[in-house]
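Scroll down for the structure; my scribbles are underneath it.
Protein chains get the first letters and strands the later ones, always in sequence-line order, with residue 1 at the start of each. Bear in mind that the values here come from a model prediction, so they are computed numbers and not experimental data.
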Protein chains: 2
Amino acid sequence: MNIGQAANASGVSAKMIRYYESTGLIAPAGRTQSNYRVYGAEDVHTLRFIKRARTLGFSMDETAALLGLWQDKSRASADVKRIADAHIAELEQKIAELRAMTDTLKHLVHCCAGDNRPDCPILEDLAQSDAPERMNA
Amino acid sequence: MNIGQAANASGVSAKMIRYYESTGLIAPAGRTQSNYRVYGAEDVHTLRFIKRARTLGFSMDETAALLGLWQDKSRASADVKRIADAHIAELEQKIAELRAMTDTLKHLVHCCAGDNRPDCPILEDLAQSDAPERMNA
DNA sequence: CCTTGACCTTCCCATCATGGGAAGCCTTAT
DNA sequence: ATAAGGCTTCCCATGATGGGAAGGTCAAGG
């Protein structure tokens, strides 16, 4: 299987497969006599694992850790759970931040007439935020 | 006011102030004879506006648009509202994605014993995801 | 007056994960 | 044999931010 087929089969672009190889996330693929990379079903399986982890929002570092645990037959499931739990916490942190943003914005939008007049509470809010620090000029 | 004072007063780092100037988001600052950038209260006000917009998750492009409207006395508040609404939609899209991730992960973590045994439903899920495309090898 | 430390300047590099594109070689089908 | 399309490597770009080096400047204190 060439890199293009592996890309189709795994959902990871050829570009990213080469990149993952360059960073050591995956082992260097075998090569044909004409220097084409060669992949097997097992490699596609690994790529799909990576794809899924990335889709779930794991960073490449986290993905590498999960991949290592996946390939370690003697792993403890607690190790995996720890990574997943930490990741959930990160995601929820991010969600909370985004929610705070939308709540604020929705409130402002709600107060904005949205017509041809220039008066706009959204801009007023953006402009009038309190100084974060004291000026020492 | 030097750039350091402006940074303190606005909450935008000196590095970022120079960057904003380089990208045209803000006008080039005046200079002293010794080539130091000089800022006034109005500039700090603008920087705070930018800071607040960025904090609310607006991209630099969106921020530039808002800044333009802010400085345009004849703007229509509908224009601002349109940008804000679009941004809210983006944020909610992102929140939905993150929530889907956490829901999946929480489910997996819930099913994981988290002990010293190697059996781990999290890894099994990552490994067994369906092929996104047909293999044409 | 001179030194010291804190500030400023520009320029380059790194992040993180991904895509775009060029130049050149290889393979496959017509 | 030729054309199309896939593969290779290499460089560059993103978005917003920080780090750091090399060198100029300013203010305070000995």
Side-chain angles (χ1 to χ4, degrees), chain A residues 1-26 28-39 43 47 49-67 87 90-91 94 97-98 101 132 135-137, chain B residues 1-26 28-39 43 47 50-67 87 90-91 94 97-98 101 132-133 135-137:
Chain A
M1 203 179 341
N2 284 339
I3 198 170
Q5 271 112 41
N8 271 333
S10 66
V12 178
S13 73
K15 221 64 181 184
M16 289 313 296
I17 296 177
R18 294 193 195 98
Y19 173 69
Y20 290 156
E21 181 182 308
S22 82
T23 62
L25 181 62
I26 57 179
R31 300 284 184 136
T32 65
Q33 281 186 327
S34 56
N35 205 30
Y36 281 22
R37 287 177 181 80
V38 181
Y39 298 90
D43 300 310
L47 287 170
F49 181 102
I50 293 169
K51 173 74 177 178
R52 180 97 172 101
R54 301 279 309 118
T55 299
L56 284 172
F58 287 99
S59 71
M60 278 189 56
D61 277 359
E62 289 168 327
T63 302
L66 290 171
L67 200 51
H87 186 52
E90 280 170 32
L91 291 176
K94 211 164 243 176
E97 284 170 18
L98 291 178
M101 290 180 199
M135 271 207 261
N136 36 332
Chain B
M1 202 179 343
N2 284 338
I3 198 169
Q5 272 111 41
N8 271 333
S10 65
V12 178
S13 71
K15 256 330 223 222
M16 289 313 297
I17 296 177
R18 293 193 196 98
Y19 173 69
Y20 291 156
E21 181 181 309
S22 81
T23 62
L25 180 63
I26 57 179
R31 301 284 184 135
T32 66
Q33 280 187 328
S34 57
N35 205 30
Y36 282 21
R37 287 178 181 79
V38 182
Y39 299 89
D43 300 310
L47 287 170
I50 292 170
K51 173 75 176 177
R52 178 98 172 104
R54 301 278 311 118
T55 299
L56 284 172
F58 287 99
S59 69
M60 279 189 53
D61 277 0
E62 289 168 328
T63 302
L66 290 171
L67 200 51
H87 186 52
E90 281 169 32
L91 290 177
K94 213 165 240 175
E97 285 169 19
L98 291 177
M101 290 180 200
E133 315 267 336
M135 270 206 262
N136 36 332

Tell me whether the OP1 or OP2 atom of [N] has a side-chain N or O from [X] closer than 4.0 Å.
X	N	result
A/S34	C/dT27	yes
B/R54	D/dT17	yes
B/S13	D/dG18	yes
A/R37	C/dC26	no
B/R31	D/dG24	no

Separation of atom [atom1] in [X] from atom [atom2] in [N], rounded to whole Å:
X	N	atom1	atom2	result
B/Y19	C/dC8	OH	P	21 Å
A/L25	C/dT18	CG	C1'	14 Å
A/N35	D/dC10	CG	P	11 Å
A/L47	C/dT18	CG	P	12 Å
A/N8	D/dG6	CG	P	10 Å
A/Y20	C/dT18	OH	P	4 Å
A/K94	C/dC16	NZ	C1'	11 Å
A/N2	C/dT28	CG	C1'	12 Å

Starting the side chain at C-beta, find the nucleotide from [options] nearest to [X].
X	options	result
B/M60	C/dT18, C/dC26, D/dA16	D/dA16
B/K15	D/dG24, D/dG19, D/dG6	D/dG19
A/R18	C/dC26, D/dT9, C/dT10	D/dT9

Which residue is it: A/L67, A/I17, A/V12? I am looking for the one with a side chain to side chain contact (heavy atoms under 4.5 Å, CB included) to A/I50. A/L67
On DNA chain D, more 5' by nearest nucleotide between B/S59 and B/Q33 is B/S59
Once rounded to the nearest 0.5 Å, what's the spacing between atom CG of A/L47 and atom CG of A/L25? 9.0 Å
Is A/T32 touching bases, backbone alone, or none of the nucleic acid, heavy atoms closer than 4.0 Å? nothing
